[in-house]
Structure formats: C-alpha cells, structure tokens
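Along the sequence shown, residues are numbered consecutively beginning with 1. All values derive from a computational prediction rather than experimental measurement. Every number for a ligand or one of its atoms is a count from 1 in the order of the listing.
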Amino acid sequence: MKIEILSDEMASRIAAGEVVERPASVVKELIENSLDAGATEISIWIENSGSSLIRVTDNGEGMGPEDLVIAVERHATSKLREDEDLSRIATLGFRGEALPSIGSVSKMEVVSRPPTAPSGYRLRVDGGKKREISPIAASSGTTIGIKDMFFNTPARRKFLKSPATELSHVCDAVNRMALAYPAVHFRLQHDGRNVADYVAVRDAKDRLHQVLGRDVAKGLVPFRRSFGEITVQGFLSAAPTAFPNARYLYTFVNGRYVRDKVLTHAVLFGYETLLMKGQYPAVVLFIELPFSDVDVNVHPAKYEVRFRRQSDVHDAVSRAVREALRIEAKTPLPQGGISWVSPFSGVREAPLPYAGPGLANRYELFPTRTDVFAMPERAETVPGGFFSSMRIFGQILGCYLVCASSTGLALIDQHAAHERVAFEKLRRQLDLGKVERQSLLIPQAVELSAGEMMLLEQKVHVMEHFGFSLEPFGPGSYAITAVPALLPEGDYAQTVRQMIAELADVDTSAKMRQHLEDRLATIACHSVIRAHRKLEPHEMRALLEALDQIDFATQCPHGRPVLIEWSQADLDRLFKRLS
Ligand code: ADP
Ligand code: MG
C-alpha cells in the first residue's frame, strides 16, 4: 500500500463536509477503513457511549511507518489515484478525510503493523497536532484509539444526545456494517460489557439472526433477481409481518449502507397493496451494479449515492421485491400469517440451504456475494392449486371459511378474499386498458357540490378508465350511465362520490399507478360480498378457485390477511404435545 496526498484539483472535486458528527460516525469511518484494509476481525471497544473512548482493532493489512505518518494528513488516501478513479469507486473510503477530521477533534493514537513487518509503529495526534512516531510491539493489523472526542470543540460536544442515544447510534453503525459483511467477525464492547459478538458466518441468513434477532430474522425469506447489470438480492418479510416504522429496512449499494429515498420508495412500491398504511416491511436489500453507475461522492458521510440510471434501479428493486412476494404468496406454506396476532409467531422456519464459500475478506466478498444468497428450492406447489385443493368444512360466524389445507387447518376471511379477487381482476383489466363495464338501463344521478363538480370535470377521463361513464346532468349533478361490471347492483352514487374525493390528490404521473391501485381497492371493496352473508357450498368452492387464479392471494388489498393457517406443528404446540 502507498498512501498519497490527493492533488488540489482532485481534492476540490470531493464532496466536502463534516464526517465527524458523533461517536457513531467515528465508529463507522474506522470500520470502513478496517474493511478496506481487508480485515476479517474487527473489535470495537467504547467507553461512555464513545465520548470518552473509541478503540477499533482490526487484523487488516496494516500500515508501515511511512504510510502511517501520511495517513493522518488531509486528503491522504491509498484508494484513489488518477482522475478516473473517482467515477468508479470500489472501496468504502476514498477521500482521505476521516483520519485527519477525527484527529482534529480528539486525542488519536494509531498503532499499526503490516503482517510481514518486524515491528509496529505508533503515531499520536492531539487535537490535530501530529506528535512523534515511535516503534512499538504490536500484533499485525491496526488499532485506532480515539479519546475525549470533541475535547477541543465544546460547542460540538454539546450537540451530543444522551449516552443511551449515542450508544444506540453506535450499535446501528456496527449492525449495518455487520449485515453487509457476514464473513467478518464483529465485536462491540461498551464499558467492558459485550454488546455484540457476531462471529463470522458463511451464510448471510445466519448474520441476520445475529444482528436482527431470531424473531425478525426468521420471518425473512431470501430473494435474488438480476436485470442486466443490476443485481438485487437480500431478504424480505413476506407480509403480513409488518413494523410500525422503517427500522428494519436496510439498503446497501455495492456493500455500502445508504439511506436513499429512491430505494426506500422502490421497496415500498414493490410491496404495493400488501402493507397497510403506516406499516413497513423488514427488508435487507443489497444492490450490486457497476461501480461506474453509482456516484458515491455526493454526501460527506457517504450515506447517500446518486445512480446514473435512477429509474432502472427503482424498477429493478421494485420488481425484484414484487416477484419475491408473488412467489411467497403462491406458496402459502404456514408462513406465520399469524405472527402478529398470536403468541406462537413465526411458524415457518424452512431450511435454507445457502451455498457459499468462506468469504475471507472484502476483496472476495464483492465478486462472490451472490453465492451467499443462493436461493433455496421452492416447495412443490400443490397440484390443482393451493386453495382449490382445500377441503371446505363450512362457514362460521358468518364470515370465515374453515378448511383443511395440505399442511393443516386454514381459516379464510371471505370478505378479504373476495376483495382481493375483485381487486386483481380489476387490476388485470386496467392493465389491459379496458375495464369491463355494464351500462345502466336507468342512469343514476349523483348530486355534487361545486368543488366536486370541478374535480369531476377534470378527472372524468380517469373515471372512464375505471369503467364508469358519467355525463353532465343539469346543474350540480352528473348521470352515471355505466359502472365497472364487477360492482354489484346498488347505489353507485356513493362509490362515485368516494372516488372523486380520492381523486383529488391524483396529480403527478409518478404516483398515478399507486393512486389507481388505491382506487381499485375502493371499487373492489364496494364490489364484494359483505361479511355475514351465508355462502352456498358452490360459492365457497368458486371463491377458493378464484384465489388460485390471482397473485398475492394471501392478502386483501388493504393488507389484511386473507388466510390464516396452522400447521401440524402449530397445532401440536397449541395442544402442548411434545414432538
Ligand atoms: P480514506 O479511507 O478515504 O482513504 P482515511 O482518512 O479514512 O481516508 O484513511 C486514510 C488512509 O489510511 C487510507 O487510505 C488507508 O490507506 C489508511 N488506513 C486507514 N485506516 C486503516 C486501517 N485500519 N488499516 C490499514 N490502513 C488504514
Ligand atoms: Mg476511510
């Protein structure tokens, strides 16, 4: 390795800004350096939530004395050379700013020894002042200690939050890195207590267990899709596992954790109607794409990136998510459709046979990351369809069908099921550009306020799209002359009025599809058999068969479950049978 100072010209092209905001940012930068140095073991020791001490030790390639003295200078980096490098950055760091920035606001000590060097060296920097360098006995690798952060900038020290908050930020920083590098052993200790000890694993799923905990991890299923040069893979929660915030939504681009609006939107877009409002999935998503297609030089802490082909990335992510969910929905194994309502959560833990070589370090990890995500074989789909092959025992409480499925006992919410079927039918028709409509022999009038009249005038074509025909009918009213064939006979005015109200915020074309789908859900909801209606046996059978014809059969368009299943194992557990 040879560390060099970037030319002024190059340095000026680097996104400037403060990288050291809080202890967690120091931890993040130091871990990035360790990973860039090829470390397979990284230990983080902090005291007082990092404000008194942060010490990161790695077994990476280390630095000789010449490199060591330059490393702490501004814009000193071994990772960037000529101009071109900036457009295809493969390392986590590249600006040569972390060590000098950290060194200027703390008392820093760097001890390093390359594996082949006879001795190590120690360099100290005090509030930005470089002290003497001296030989010292050291094991191979690098240890960087940061004492008394912000000791010389009390104003910034004041901005630190409570110790508990700062500690949780540190944990987050470690966890994100750990998720992306399962082959690296991460250890985090706080005030002498073990906070995390993630031994290296071959299987990315095992790392999920370590970092996210069993409960969340076991609800996640792997997926992988490639679209040209973009590969999207990772793990996601098949609804209805859902969380009240985006806490379990992790996105990584080429091994780098990022918080990106486009990616988050794409993920949620992929889930579409499977989540209720205000619900978030658990997703650990890795995107790999050519380094030259993503600009990481846009945010000081490198938390944001810019994609050269943003809409391709959005597309790839939402399609990958959607397809994974579709596959899951098609094989509704007892997959914890009950996990949020019952104490015996996470019914399924399918064996997930991941292939994958031991990933020694980052340099191996990038080209071979895909191996870690080898997909498990899908269970055979039931011949004749999952739903149609069920045995129906009958209807209870006026709204639930009780059935025996191939795996156990199943309850189906008939209203949610109908809604989902109607929704998918409408969606298909809408995609084909024509929604089946029925003309009304006697048009129905719908009285509207001045505001509604105006709205409807503007959106009447959208209503057409959905299968409604509306004609002006005197002042303050419209005549409904046709409605979607799917709607049962009744008072259509109410449906139309609701649609108008909801169409008020349809404007941008980007959101159009989402809005259309929301409206579809409205129509679907109006179209279905309400609860508390007795179903004839042939109607139940028809409903199950219809469920087999559609995607996402296990959720209603509002995200409520259609199906809840108990496998034999669940039942045994409920009856306290020992297996
Ligand atoms: P950058 O990571 O952007 O290059 P830094 O200021 O973080 O800049 O680090 C400067 C240089 O010091 C790096 O380019 C690298 O050569 C060296 N370095 C930093 N930390 C380590 C480490 N843990 N092991 C080996 N080399 C390191
Ligand atoms: Mg760095």
Suppose I only count heavy atoms of Phe94 and a 4.0 Å limit; which atoms of ligand 1 are within that range?
1 (P), 3 (O)
If the cut-off is 4.0 Å to any non-hydrogen atom of Ala76, which atoms of ligand 1 fall inside it?
10 (C), 11 (C)
For Gly93, the atoms of ligand 1 under 4.0 Å from one of its heavy atoms are 2 (O), 3 (O)
Near Glu97, which atoms of ligand 1 are under 4.0 Å from a heavy atom of that residue?
6 (O), 8 (O)
Taking Glu304 first and then Arg259, would you say they form a salt bridge - that is, a charged N and a carboxylate O separated by under 4.0 Å?
no
Should Pro100 be counted as touching ligand 1, given the test is an N or O pair under 3.5 Å?
no
Ignoring hydrogens, just give me the one of Val56, Ile70, Asn33 whose non-hydrogen atom is nearest atom 20 (N) of ligand 1.
Asn33
What closest approach, in Å, do Arg308 and Asp293 show between heavy atoms, and which atom pair accounts for it?
NH2-OD1, 2.6 Å
Salt-bridge criterion met for Glu32 and Lys79 (N-O under 4.0 Å)
no
Quick one: are Leu268 and Tyr280 in side-chain contact, heavy atoms under 4.5 Å?
yes
Is the closest side-chain heavy-atom distance between Ser43 and His185 below 4.5 Å?
no
Within less than 2.8 Å of the Mg ion (ligand 2), any N, O or S from Asn33?
yes
Can you confirm if the aromatic rings of Phe186 and Tyr198 lie within a centre distance of less than 6.0 Å?
no
Does the plane of the ring in Phe269 sit parallel, tilted or perpendicular to the ring in His314? Use 30° and 60° as the thresholds.
tilted
Need the ligand 1 atom indices (1-based, order shown) with element for anything under 4.0 Å from a heavy-atom of Ala37.
24 (N), 25 (C)
Are Leu167 and Ile46 side-chain neighbours, meaning at least one heavy-atom pair lies under 4.5 Å?
yes
Would you kindly specify which portion of Asp58 sits under 4.0 Å from ligand 1, judged on non-hydrogen atoms: side chain, backbone, both or neither?
side chain
The answer for which part of Leu99 has a heavy atom under 4.0 Å from ligand 1 is both
Nitrogen or oxygen of Lys79 less than 3.5 angstrom from that of ligand 1
yes
So do Gln210 and Val199 actually touch side chain to side chain, heavy atoms under 4.5 Å?
yes
Heavy-atom pairs closer than 4.0 Å: do any link ligand 1 to the side chain of Thr77, the backbone, both, or neither?
both
Below 4.0 angstrom, N of the basic side chain to O of the carboxylate: do Arg124 and Glu109 qualify?
yes
Relative to the heavy atoms of Arg95, which atoms of ligand 1 are at a distance of less than 4.0 Å?
3 (O)
Under 4.0 Å to a heavy atom of Ile3 - the qualifying atoms of ligand 1, by number:
11 (C), 12 (O), 16 (O), 17 (C)
Shortest reach to atom 12 (O) of ligand 1 by a heavy atom, considering only Ser34, Pro114, Ala71, Gly62:
Ala71
